[in-house]
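Remarks on the structure that follows.
Remember, it's 1-based here, ligands and their atoms both numbered in the order they're listed. All residue numbers refer to positions in the sequence shown, counting from 1. All values reported here derive from a predicted model rather than from experimental measurement.
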Amino acid sequence: MVKFTIRWPCDRQSRAKLMKSADHCCRKGITRLYYSLCENEMVRFTCMIFTLGCCCCAFLLWLFIRDPCSKYSITKALCQEYKNGLAAGRMCYNLCYEETIHLSCLAEDEETSTFGWIDTIVKASKPTKKFNDLSEPSSSAVWEGMTLDDFVKKLEDFFFVQLGPGDHSMLIDRVLNFADFNGDAEFSFGEINSMWKLLHKPEFLTILIFSKHPVFPYLNDTCSDMYAYEHIKTPVLYDKSDTSWFSRIFSDSYRWNFPPWLRRVQISVGLLEFISVALEEANTRFYMCNLSPTKFGFTNTFQMKVTSLHGITSEEKLKFALSQKKCLTDSDCVIGQICHSDCDINRQECSKNILSLDIVEVCRILVDYIFFDAPSKIKAMLKIFVSKCSSLHYGHNSYNNSQVDINHNLLIDDLITILWDQIKDQSSKWFKNEPIKMH
Ligand SMILES: *[C@@H]1O[C@H](CO)[C@@H](O)[C@H](O)[C@H]1NC(C)=O
Ligand SMILES: *[C@@H]1O[C@H](CO)[C@@H](O)[C@H](O)[C@H]1NC(C)=O
């Protein structure tokens with residue numbers, strides 16, 4: 001049979017020639033060819049196509065139903081709120097009417113979905129969680145028809161709890177400025193409602209509090225409690241905790257992707273700026289209890305950026321968290337590896353004396369990050385400061401706490417000055433289009 005079909009003059013040329021005379025014959029040949037294939041392969045082939053088709057359909061259906069990151073349900077719920085005047089934000093119109101915002105799912109957990117969109121990270125609560133929130137007092141604390149004075153009072157109370165006593169009027173102004181999403185100098189219920197929800201997101205609150213500082217990711221737009229902020233392309237400085245066989249053999253492999261030394265110095269200045277910003281922002285002090293090189297990254301222009309905002313907490317909140325801990329020894333009074341206080345043995349409760357200094361950990365990072373290949377002159381100088389750094393701690397013997405604080409601030413300023421000296425010649429070239437931030 002097969003031999004026969006090869007010889008059959010039924011290719012295009014022959015067919016044209018025989019079009020009239022052999023038409024009948026040709027058709028017969030094709031029929032024969034078809035059946036010859038059918039006998040052994042056609043059935044299998046058809047089966048395969050059919051199965052593939054079914055798989056494709058099932059996959060498409062699954063994609064459709066699955067809704068990664070609950071994107072559709074989040075957007076639908078959010079836009080429903082927006083259209084009903086319960087939500088506002090600069091992103092809302094584009095998200096709900098223009099549909100020019102195309103979110104792609106990056107990650108999700110039970111409560112929150114994380115999306116990517118152009119150069120931003122967008123986070124939103126899942127709708128199921130939102131419905132639970134409605135019963136919480138924090139969300140129902142704003143009501144329709146509340147006056148601006150009512151809202152300001154709410155904000156004062158809120159920041160008192162978050163940041164402790166002190167003057168928070170600048171922060172409140174910033175919140176009001178931000179909350180006037182349409183810039184009409186009036187507050188709709190949607191604007192107040194959305195702002196209030198956003199403030200209860202710890203990550204958003206941290207970005208807002210530090211929004212003046214270039215070492216934090218900049219805040220893009222929001223819609224209801226959805227918020228977008230800068231996506232940092234290199235999210236970690238380095239990671240020494242990698243325990244794969246590869247990094248065991250090459251113990252310095254964490255250095256392989258390091259940028260050039262001067263760029264690392266520039267990044268380190270940013271790291272020190274973060275510490276000094278955290279000491280004085282919003283009339284309070286902030287701690288990063290999980291401080292490590294994996295919590296910082298840098299942009300394409302080597303601007304250091306804090307990439308993990310979860311561990312940053314105000315002194316007031318940290319004191320509260322520590323005082324809630326039961327203890328038998330001082331080692332029980334630790335939060336996130338770095339923040340610690342001492343144990344009040346009599347009451348078996350941790351005290352509110354915070355004894356940790358973030359700079360100590362930062363000095364450790366500097367040693368790993370810029371020490372090993374630094375020019376010898378600078379290395380010698382840095383060595384002095386790093387040893388000062390590690391001897392710095394709150395104690396009851398030689399120093400009193402205010403002295404430690406003074407030395408702490410001096411040390412940060414000195415380190416910034418030394419490092420800045422290394423890069424200041426480059427700065428005119430590097431920062432051509434960026435504002436130069438000198439300490
Ligand atoms: C986010 O904000 C930054 C700074 O304001 C801007 O350069 C960037 O284009 C914004 N990104 C988006 C997606 O809106
Ligand atoms: C801390 O030291 C300074 C300077 O030596 C001193 O004036 C101050 O009284 C001390 N404070 C406490 C609480 O001991």
Side-chain angles (χ1 to χ4, degrees), residues 68-72 74-76 78-79 81-82 87-108 112-125 170-171 173-185 190-191 194-195 197-199 201-235 266-267 269-270 273-274 277 281-282 295-310 312 427 430-437:
C69 287
S70 314
K71 180 172 126 180
Y72 292 104
I74 288 175
T75 322
K76 199 176 150 217
L78 222 138
C79 291
E81 279 181 33
Y82 175 57
R90 291 195 184 94
M91 251 168 109
C92 289
Y93 189 78
N94 285 346
L95 189 74
C96 299
Y97 287 108
E98 301 266 300
E99 297 183 7
T100 49
I101 295 178
H102 305 290
L103 305 171
S104 55
C105 176
L106 294 182
E108 61 181 324
T112 314
S113 294
T114 307
F115 304 97
W117 182 58
I118 312 183
D119 54 358
T120 60
I121 300 275
V122 181
K123 290 205 179 163
S125 306
M170 296 234 301
L171 202 50
D173 280 349
R174 197 181 304 165
V175 169
L176 293 179
N177 248 327
F178 190 88
D180 185 16
F181 298 114
N182 58 6
D184 65 353
E191 286 176 327
S194 298
M195 193 69 227
K197 280 196 213 163
L198 282 168
L199 289 176
K201 309 235 156 198
E203 192 181 50
F204 175 87
L205 185 61
T206 308
I207 302 182
L208 187 76
I209 288 174
F210 291 101
S211 59
K212 291 269 174 291
H213 299 284
V215 293
F216 281 82
Y218 52 62
L219 191 56
N220 282 82
D221 298 334
T222 63
C223 179
S224 185
D225 64 352
M226 177 187 265
Y227 57 98
Y229 62 92
E230 182 183 8
H231 174 57
I232 311 298
K233 296 293 176 322
T234 313
Q266 181 194 349
I267 292 164
V269 171
E273 269 170 2
F274 160 71
V277 161
E281 189 58 30
K295 312 293 183 215
F296 304 95
F298 53 87
T299 63
N300 294 340
T301 56
F302 301 94
Q303 163 71 57
M304 198 295 294
K305 294 271 180 176
V306 184
T307 50
S308 173
L309 299 147
H310 287 292
I312 298 176
S427 60
W430 286 350
F431 303 112
K432 215 174 281 166
N433 300 315
E434 300 168 37
I436 297 180
K437 188 163 180 282

Within reach of ligand 1, part of Asp119 (heavy-atom separation under 4.0 Å): side chain
Closest approach of any protein heavy atom to atom 1 (C) of ligand 1, naming residue and atom: Asn220 ND2, 1.4 Å
Any N or O of Thr120 closer than 3.5 Å to N or O of ligand 1: no
Ligand-residue contact atoms, ligand 1 with Trp117, heavy atoms, under 4.0 Å: 13 (C)
Worked verdict on Cys105 versus Cys69 for disulfide bond (SG atoms under 2.5 Å apart): CA-CA 6 Å; Cys105 176; Cys69 287; 2.0 Å; yes
4.0 Å protein heavy-atom contact status of atom 11 (N) of ligand 1, strictly under: yes
Sequence-distant partners of Thr112, side-chain hydrogen bond (donor to acceptor under 3.5 Å, both in side chains), two or more places apart: none
Heavy-atom neighbours of Lys76 NZ exceed 12 at 6.0 Å: no
Side-chain donor-acceptor pair present, Ser125, Asp225, cut-off under 3.5 Å: yes
From Glu203, Met226, Lys201, residue fulfilling side-chain contact (heavy atoms from CB on, under 4.5 Å) relative to Lys123: Glu203
Closest protein heavy atom to atom 7 (O) of ligand 1, given as residue, atom name and distance to 0.1 Å: Tyr218 OH, 4.0 Å
